[in-house]
Asks: 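Pasting a structure here, questions to come.
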Amino acid sequence: FAAAGFRYAQVSGFPATFTPTAEMLVALRVHSDVTSASELRVPNVDGTSMGTPNVLQRVHDMTRASQSSNLWSIPTDCPQRERRGWMGDAQASCDEAMQNFDMMSFYVEFLNKIRDDQLRYDENHPTDTGALADVVPYDGIGGNPGCPVWQVAYIVIPHTMWKHYGEDALPTLSKHYIGMVELMGWFNRHADPSDGLLVTSCYGDWMGFHPESGNSGTSGFTPQLSVTAFYHVLAAKQLAEIAEALGMHADSEKWAKQHAAGQAAYHARFYDASVGGYSPCVSTLKTSCHNTSARGSQTSNSMALALGAPPDAATAATVAKSLADDVKGFGNRVTTGVVGIAFVFAQLDRYNFGGVAVSTLINDAYPSLGHMAAQNMTTLCENWACTFHAAGGGSQNHIMLGGFDGWVASSIGGIDSFVNGSSGGWRHIAARVSPAAVAIIKTATYSKLTRFGETTFNWKWDGTKLVTEISVPIGSDLTLETPMALQLRSGAVVHLSTLGEGEWSLWADSAAQQVMPTGVLSVAGSSPTAAVTTTIGSGQYVFEAVYA
């Protein structure tokens, strides 16, 4: 059979006297057999520019709809047009996909297809093995070798599988480790020998805001070669953690060393100390920076922060402020493309600009995710300029801009899997609601089905108390961060007075209490995160944090 995505169906040829009804037509939502792995519900939050109702829930639901409708034995780019396995789309959205759906078996099969294509490439290029095409399975469309930002899916997806599926993913990681190493070998052979960075100029931050091209193509504000270099360095870190998970300690140390060298090289090549940011945009006769990105684009600075490229905390803080100032200066709207959208919210939040992140997420002015909701879209568009009746230079159902939703789940839903070389697969759960979300969103309920069972995280802010109900399955533990201070929408700041669980007091008078209830493993104040961290084992808990 054949199937395709569509928005309208036209039926013609009826007799003039016959009146059809909607009940005569049935449309089936069809996709690969992956089950939902999570559910997030947030309150009705209106868009801040156009008043779009329920904008946050809608952009999350649009992402889920785009993701599921682009699962057809391979992760496709769109269900109605090309329907190809573009690797850039796949890697940029894979964390969101695994957060929202059970993707284990799906990605096992996709990685097998990637390796098959790599082996075919090796047969035809025996002196330059390891590369991959832009599209898998390769059908002659796209580059071969492809853009490294697309090729890197062969490392990003396995690493994200380790994050979400832990030891269950190890057989797959072991099987494909040789292919990942071959790909990294290809990256390294084609890197600039002067600093070891791969600086191929290709797709870059694809479909970023760029009025001169109608937003169709690469970003006008972020250098393509900086995006390639970013993924080259990031892949070394991810490969180090994969090797460690597989017990290959010597390999892990080798990749970690390459990653550290790459961080330093990235900073040296792209940082501009005179503006306090990475790769500042400069207007020319051919293109304009549109009064943005003068201290580095949203994507440029988000990538650098995500990579850990700033060499010290002061430089990182400077870059984060440049990022936040740029987003605010652009009216809390985005200029990112497929790459930057997956990092900008998380990095703003990480460096205490969560208010900017949340305000940007619920803004519905063009260009923004909320603007898609304002156009009554039910899926994510390929182009920021799309409307309900016009694709705006792209399709009306593309998953590639969905990478932001991983941050929505972790920082508004409140939970994520901790991952490094020794832990993954929701064995250790990181629980943290963005303080800005507490003040602006006020409540959310989130459930996540992991390999250990269901974890639930429901929180509510009433103006003085933050109440969090948590369920942790056997086999997992959870570390909860409770902010020591909250800035309210009025601008007022309130401070944590007490933290309790049930009838037990855990934190009072700026100190942890000596006696803990069953299941609470530790309580401590953490100045780097300005939070009280509480680690708990399996069980059900109700925490109450009182602020004054």
Side-chain angles (χ1 to χ4, degrees), residues 38-45 56 349 352 354-355 358 408-416 418 428-448 453-474 476-548:
S38 66
E39 182 178 10
L40 172 66
R41 307 306 300 174
V42 295
N44 185 353
V45 178
L56 177 55
D349 193 24
N352 300 316
V358 175
V408 171
S410 65
S411 294
I412 296 177
I415 53 175
D416 201 1
F418 179 79
H428 303 298
I429 301 170
R432 173 192 174 273
V433 178
S434 169
V438 173
I440 298 172
I441 309 300
K442 292 184 169 48
T443 186
T445 64
Y446 186 56
S447 63
K448 169 65 180 173
E454 186 178 53
T455 300
T456 61
F457 193 89
N458 306 325
W459 61 271
K460 185 174 183 178
W461 169 251
D462 71 359
T464 59
K465 293 193 301 291
L466 176 61
V467 178
T468 308
E469 300 176 355
I470 305 173
S471 177
V472 181
I474 295 173
S476 295
D477 60 43
L478 179 148
T479 298
L480 171 69
E481 288 190 11
T482 303
M484 291 183 177
L486 291 172
Q487 183 172 14
L488 308 182
R489 296 195 79 173
S490 65
V493 177
V494 293
H495 298 273
L496 180 64
S497 175
T498 61
L499 173 65
E501 196 286 311
E503 298 179 353
W504 293 83
S505 175
L506 304 180
W507 181 271
D509 299 324
S510 301
Q513 303 303 289
Q514 297 301 311
V515 181
M516 302 294 170
T518 301
V520 175
L521 307 179
S522 66
V523 178
S526 175
S527 55
T529 58
V532 174
T533 58
T534 307
T535 300
I536 56 179
S538 61
Q540 295 182 330
Y541 305 84
V542 179
F543 291 93
E544 183 177 281
V546 178
Y547 291 80

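In this text the structure is predicted, and so the values were computed from the model without any measurement.
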Asks: Under the ring pair (Phe, Tyr, Trp, His ring centres under 6.0 Å) test, which residues partner Trp461, sequence neighbours left out?
Replies: Tyr547
Asks: For Ser38, what residues pass the side-chain hydrogen bond (donor to acceptor under 3.5 Å, both in side chains) criterion, not counting sequence neighbours?
Replies: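 In terms of side-chain hydrogen bond (donor to acceptor under 3.5 Å, both in side chains), with neighbours along the sequence ignored, Ser38 is linked to Asn100.
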Asks: For residues Thr456 and Ser447, is any side-chain donor paired with an opposing acceptor at under 3.5 Å?
Replies: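 Result is no, nothing qualifies.
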Asks: Not counting sequence neighbours, which residues clear salt bridge (Lys or Arg N to Asp or Glu O under 4.0 Å) with Asp509? List them please.
Replies: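 By the salt bridge (Lys or Arg N to Asp or Glu O under 4.0 Å) rule, Asp509 matches no residue at all.
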Asks: Would you list the atom pairs, donor with acceptor, under 3.5 Å between side chains in residues 510-523 and any protein atom, with sequence neighbours excluded?
Replies:
residue: Gln513; atom: NE2; partner: Ala511; partner atom: O; Å: 3.3

Asks: How far apart are the closest heavy atoms of Ser476 and Ile429, and which atoms are they?
Replies: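 For Ser476 versus Ile429, the nearest heavy atoms are CB-CD1, 4.0 Å.
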Asks: Going by side chain to side chain contact (heavy atoms under 4.5 Å, CB included), name the residues that satisfy it together with Ser497, two or more places apart in sequence or in a different chain.
Replies: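 Ser497 satisfies side chain to side chain contact (heavy atoms under 4.5 Å, CB included) with no other residue.
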Asks: Compare every heavy atom of Gly354 with every heavy atom of Ala436, then report the nearest pair and how far apart it is.
Replies: CB-C, 3.3 Å
Asks: Shortest non-hydrogen contact from Gly413 to Phe457?
Replies: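 Of all heavy-atom pairs spanning Gly413 and Phe457, the closest is O-CD2, 3.2 Å.
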Asks: Any side-chain heavy atom of Ser411 sitting closer than 4.5 Å to one from Arg432?
Replies: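 Answer yes - side chains close enough.
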Asks: More than 12 heavy atoms of other residues, nucleotides or ligands under 6.0 Å from CD of Glu454: is that the case?
Replies: yes
Asks: Is it the case that over 12 heavy atoms from other parts of the model lie below 6.0 angstrom from the NZ atom of Lys442?
Replies: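 Correct, the count exceeds 12.
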Asks: For Val433 and Gly414, which heavy atoms make the closest approach, and how far apart are they?
Replies: CG2-CA, 4.0 Å
Asks: Locate the shortest heavy-atom distance separating Met484 from Ala531; write the atom from each residue and the value.
Replies: CE-O, 3.5 Å
Asks: With the side chain counted from C-beta on, respond yes when Thr482 and Phe543 share a heavy-atom pair under 4.5 Å apart, and no when they do not.
Replies: no
Asks: Could you give the distance from OG1 (Thr468) to CG (Leu499), rounded to the nearest 0.5 Å?
Replies: 8.5 Å
Asks: Taking all non-hydrogen atoms of both residues, which atom of Leu496 and which atom of Thr498 are closest, and how far apart?
Replies: CD1-O, 3.4 Å
Asks: Side-chain contact, heavy-atom cut-off 4.5 Å: Pro473 with Thr455?
Replies: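 When only atoms from C-beta onward are counted, Thr455 and Pro473 do touch, with a gap below 4.5 Å.
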Asks: Using side-chain heavy atoms (C-beta onward) and a distance below 4.5 Å, is Ile440 in contact with Arg489?
Replies: yes
Asks: Okay, side chain of Thr445, backbone of Asn458: is any donor-acceptor separation there less than 3.5 Å?
Replies: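 Checked: no pair found.
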Asks: Residues two or more places apart in sequence or in another chain: which of them pass side-chain hydrogen bond (donor to acceptor under 3.5 Å, both in side chains) with Lys465?
Replies: Asp462
Asks: How many angstroms lie between CD1 in Ile470 and CG in Leu480, if you round to the nearest 0.5 Å?
Replies: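 One finds 5.0 Å between CD1 of Ile470 and CG of Leu480.
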Asks: Counting only N and O atoms by type, is there a donor-acceptor contact under 3.5 Å from the side chain of Glu501 to the main-chain atoms of Val542?
Replies: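 Pair found, side chain donor or acceptor close to backbone of Val542.
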Asks: Would a distance-only check, ignoring hydrogens and angles, find a side-chain to backbone donor-acceptor pair under 3.5 Å from Trp459 to Ile412?
Replies: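 Yes, the answer is positive, given that a donor and an acceptor are paired below the 3.5 Å cut-off.
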